[in-house]
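Contents: one structure, followed by commentary.
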Protein chains: 2
Amino acid sequence: MKAPPFKGLWYFKTAAELGSFKQAAEALFVTQAAVSQQIRILEQQLGCTLFERQTRKVNLTQQGQDLLPYLHKAFGQVEMGLSMLKSDPNPNTISLSVLPSFATCWLLPRLTSFNKALPSYQLRIDPTEQLADFNHEDIDIGIRFGLGDYQGLKSELIAKDELVIAYRPGLIDPRKPLRAQLSKLNFIYDEGRDNELAWQALSSQLDLEGHTLSNLKIDNAALVQQATVAGQGFSLLRKRMVEQSLEMGQLEIYPDFAWLCEYGYHLVAPENHFEWAKFKAFRDWIVAELNGIEAC
Amino acid sequence: MKAPPFKGLWYFKTAAELGSFKQAAEALFVTQAAVSQQIRILEQQLGCTLFERQTRKVNLTQQGQDLLPYLHKAFGQVEMGLSMLKSDPNPNTISLSVLPSFATCWLLPRLTSFNKALPSYQLRIDPTEQLADFNHEDIDIGIRFGLGDYQGLKSELIAKDELVIAYRPGLIDPRKPLRAQLSKLNFIYDEGRDNELAWQALSSQLDLEGHTLSNLKIDNAALVQQATVAGQGFSLLRKRMVEQSLEMGQLEIYPDFAWLCEYGYHLVAPENHFEWAKFKAFRDWIVAELNGIEAC
DNA sequence: TTTCATAGTTAAGTTTTAATTAAGTGAAAA
DNA sequence: TTTTCACTTAATTAAAACTTAACTATGAAA
């Protein structure tokens with residue numbers, strides 16, 4: 001089926017409402033010759049005149065007046081449909097998709113802060129390794145640690161982080177040199193570019209070439225942390241993730257070493273989510289919260 | 001205000017209804033690459049995915065499903081508006097705009113035939129010298145004698161005519177030569193290209209150079225005929241217009257002279273009127289009626 | 001009355017948009 | 001395994017839309 005001449009009809013509607021081709025042209029950000037032409041073409045296609053041309057003014061013909069209300073309804077429907085697409089279906093619930101490690105190490109300890117800052121929103125947390133599919137799962141915002149290239153989605157960097165040497169208090173003496181102490185201990189690690197780079201930096205700095213990487217490999221940052229807390233050895237952990245454990249005295253970090261990660265924390269979502277009120281509110285809260293920690 | 005991406009939305013609606021880009025492309029008379037592109041661009045503009053692409057098939061996402069009903073309504077409204085424009089507001093009345101001479105000499109005598117042929121239509125006759133303005137007057141069809149160039153309107157030639165020498169019976173003897181008889185009589189005429197050309201042809205044929213044109217000039221074909229019936233002289237009249245007077249014995253025409261007019265009888269109206277049922281019915285009737293006379 | 005300013009028309013030339021064409025992808029069917 | 005089919009993508013070509021500029025008609029101002 002052939003498409004109706006939408007562009008001409010849109011120009012017609014604008015001109016009809018404003019009662020002037022010139023004003024319509026301004027409203028449409030085109031020259032008035034363009035409006036004149038479009039409406040002429042439209043009239044040809046419809047086989048009837050919509051405007052009666054007088055010098056310096058145009059008036060709707062009967063047919064033009066008859067047509068207008070239909071277009072009003074039609075364009076109104078389109079507008080409603082499009083604005084519906086952009087609008088937030090659950091304005092009072094914030095559904096997050098986050099890594100389990102981030103959820104347990106960072107987010108959960110701060111729930112009281114969240115409830116204090118944004119009491120009108122209900123928070124729903126979906127801890128998954130893989131970023132949720134925004135088309136099928138009802139997720140508002142993803143929080144991911146990475147480079148920010150999530151295809152088809154918009155992302156915004158909210159914080160960087162750095163890897164530090166973490167261990168159970170007493171396992172390492174922070175006042176004595178590292179090298180000798182480390183060689184006796186397991187290195188607990190998970191795979192990942194930052195972890196690897198930081199290890200290289202550390203080992204070249206301390207001349208630890210002999211220390212093999214394969215001592216204790218765990219494929220999950222939260223478990224690495226757990227093993228470290230349990231005193232299984234030392235590890236490279238993200239500072240923001242151990243913050244809680246430090247406060248509770250479960251972990252200690254060795255001074256004078258920090259590896260700035262290439263990766264960063266990102267808010268990830270379809271572009272239109274960034275316009276939602278609850279999105280902006282959440283962003284403000286989490287950014288403030290992250291900066292608060294930075295100040296420590 | 002910027003226009004919504006109507007073309008993309010139209011393609012989307014088609015594809016969504018058919019559940020396939022390929023079928024949509026066929027329905028839209030374009031290649032399927034065009035559909036794919038348009039929908040990709042639309043999705044970019046809306047900032048959300050409308051279709052979920054699987055190999056060899058596409059499915060609507062939730063958002064696509066949500067959008068569709070709005071577009072249905074919208075496009076339905078447009079269609080209704082446009083079809084309303086084309087439709088006949090008074091399907092049972094035929095309003096004609098005709099020359100007064102044509103009305104009296106040709107149309108009125110045939111009203112009984114009209115009523116017999118088309119009993120369900122009511123005929124309204126508007127006899128005016130100037131063709132009606134279809135935008136303001138409620139006229140369905142114009143019948144005009146001319147070349148068919150009526151600007152902004154469509155016209156259709158329905159009959160030609162020829163000029164004949166007419167006079168009151170007895171005024172001229174058809175068995176005797178014309179030349180001697182004419183020179184004693186007034187030439188009654190109105191201005192008009194055909195009349196002039198026919199007179200030139202007649203006078204050169206009969207060598208009547210001396211007979212001046214200015215004997216009795218009347219600016220209305222019906223009045224010329226009336227004066228001729230009254231025996232004021234002879235005239236050049238259109239054969240179809242005198243048909244009635246011949247039957248009633250009011251006029252007679254001289255054999256062996258006929259000047260085929262450049263002008264012809266046209267149905268004139270805005271293009272869309274030609275599609276109306278009543279238009280077609282009227283055309284059929286008048287064409288048959290004109291041909292019936294031709295057969296005489 | 002003449003001149004000016006305004007809102008519109010039209011035609012020519014340019015830019016933008018949308019189409020086709022052709023090559024590429026990946027899962028299902030043969 | 002190879003072929004086929006629906007869709008994607010990129011490059012090119014065709015078509016539509018826009019701008020510019022010259023023109024028209026008329027109401028208002030000089």
Practice prompt. Counting heavy atoms from C-beta on, name the nucleotide in dT9(D), dC7(D), dA17(D) closest to the side chain of R40(B).
Written response: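 Closest nucleotide among those given: dT9(D).
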Nearest whole Å is fine: how far is [N] [atom2] from [X] [atom1]?
X      : N       : atom1 : atom2 : answer
L28(A) : dC18(D) : CG    : P     : 9 Å
K57(A) : dA28(D) : NZ    : P     : 10 Å
L18(B) : dC7(D)  : CG    : P     : 11 Å
K7(B)  : dA15(D) : NZ    : P     : 13 Å
I39(A) : dC18(D) : CD1   : P     : 11 Å
F6(B)  : dA17(D) : CZ    : P     : 13 Å
Q54(B) : dC7(D)  : CD    : C1'   : 12 Å
L42(A) : dA16(D) : CG    : C1'   : 15 Å

Discussion item. Strictly below 4.0 Å: does Q38(A) bring a side-chain N or O up to OP1 or OP2 of dA17(D)?
Written reply: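 For dA17(D), OP1/OP2 do have a side-chain N/O of Q38(A) under 4.0 Å.
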Worksheet item: With sequence neighbours left out, what residues match L123(A) under side chain to side chain contact (heavy atoms under 4.5 Å, CB included)?
Response: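 Applying side chain to side chain contact (heavy atoms under 4.5 Å, CB included) to L123(A) gives I94(A), L96(A), L111(A), F114(A), I125(A), F282(A).
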Fill in: Residues that R124(A) engages under side chain to side chain contact (heavy atoms under 4.5 Å, CB included), provided they are two or more places apart
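R124(A) satisfies side chain to side chain contact (heavy atoms under 4.5 Å, CB included) with T93(A), S95(A), D138(A), I139(A) once adjacent residues are dropped.
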Worksheet item: Mapping V35(B) and A34(A) to their closest nucleotides on DNA chain D, which lands nearer the 5' end?
Response: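 First, find each residue's nearest nucleotide; the 5'-ward one identifies V35(B).
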Worksheet item: Could you give all pairs that pass the side chain to side chain donor-acceptor pair (under 3.5 Å) test and reach residues 70-82 of chain B, with sequence neighbours left out?
Response: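 Of all non-adjacent pairs touching residues 70-82 of chain B, those that pass side chain to side chain donor-acceptor pair (under 3.5 Å) are E17(B)-H72(B).
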Practice prompt. Tell me whether the centres of the aromatic rings in F102(B) and Y265(B) are closer together than 6.0 Å.
Written response: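 Yes - the distance between ring centres of F102(B) and Y265(B) falls below the 6.0 Å cut-off.
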Identify all pairs in which a protein N or O lies below 3.5 Å from an N or O of nucleotides 21-25 of chain D, and state each distance.
none

Worksheet item: What nucleic acid atoms does F51(A) come within less than 4.0 Å of, heavy atoms only: base, sugar-phosphate, or nothing?
Response: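 F51(A): no heavy atom of the nucleic acid under 4.0 Å.
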Worksheet item: Has the side chain of K57(B) got a donor or acceptor atom that lies under 3.5 Å from a matching backbone atom of G19(B)?
Response: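 No; zero donor-acceptor contacts below 3.5 Å.
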Worksheet item: So which one's nearest nucleotide on DNA chain C is more toward 5', F29(B) or S36(A)?
Response: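 Looking at the nearest nucleotide for each, S36(A) comes out on the 5' side.
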Practice prompt. Give the first and the last nucleotide of DNA chain C, reading 5' to 3', that has any atom under 4.0 Å from a heavy atom of chain B.
Written response: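 Boundary nucleotides touching chain B, in 5' to 3' order, are dA18(C) to dA28(C).
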Item to complete: Report the residues that fulfil salt bridge (Lys or Arg N to Asp or Glu O under 4.0 Å) with D140(A), sequence neighbours left out, ordered by chain and then residue number.
Response: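 Partners of D140(A) under the salt bridge (Lys or Arg N to Asp or Glu O under 4.0 Å) test: K278(A).
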Practice prompt. Indicate yes or no: does K86(B) engage E275(B) in a salt bridge with an N to O separation below 4.0 Å.
Written response: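 Not counted as a salt bridge, because no side-chain N and carboxylate O are separated by less than 4.0 Å.
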Worksheet entry | K154(B) NZ/CZ over F274(B) ring centroid, <6.0 Å and within 45° of normal |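 Ring-cation test returns yes.
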Worksheet item: Between K13(B) and W10(B), is NZ or CZ placed under 6.0 angstrom from the six-membered ring centre and within 45° of the ring axis?
Response: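 Pair K13(B)/W10(B) counts as cation-pi.
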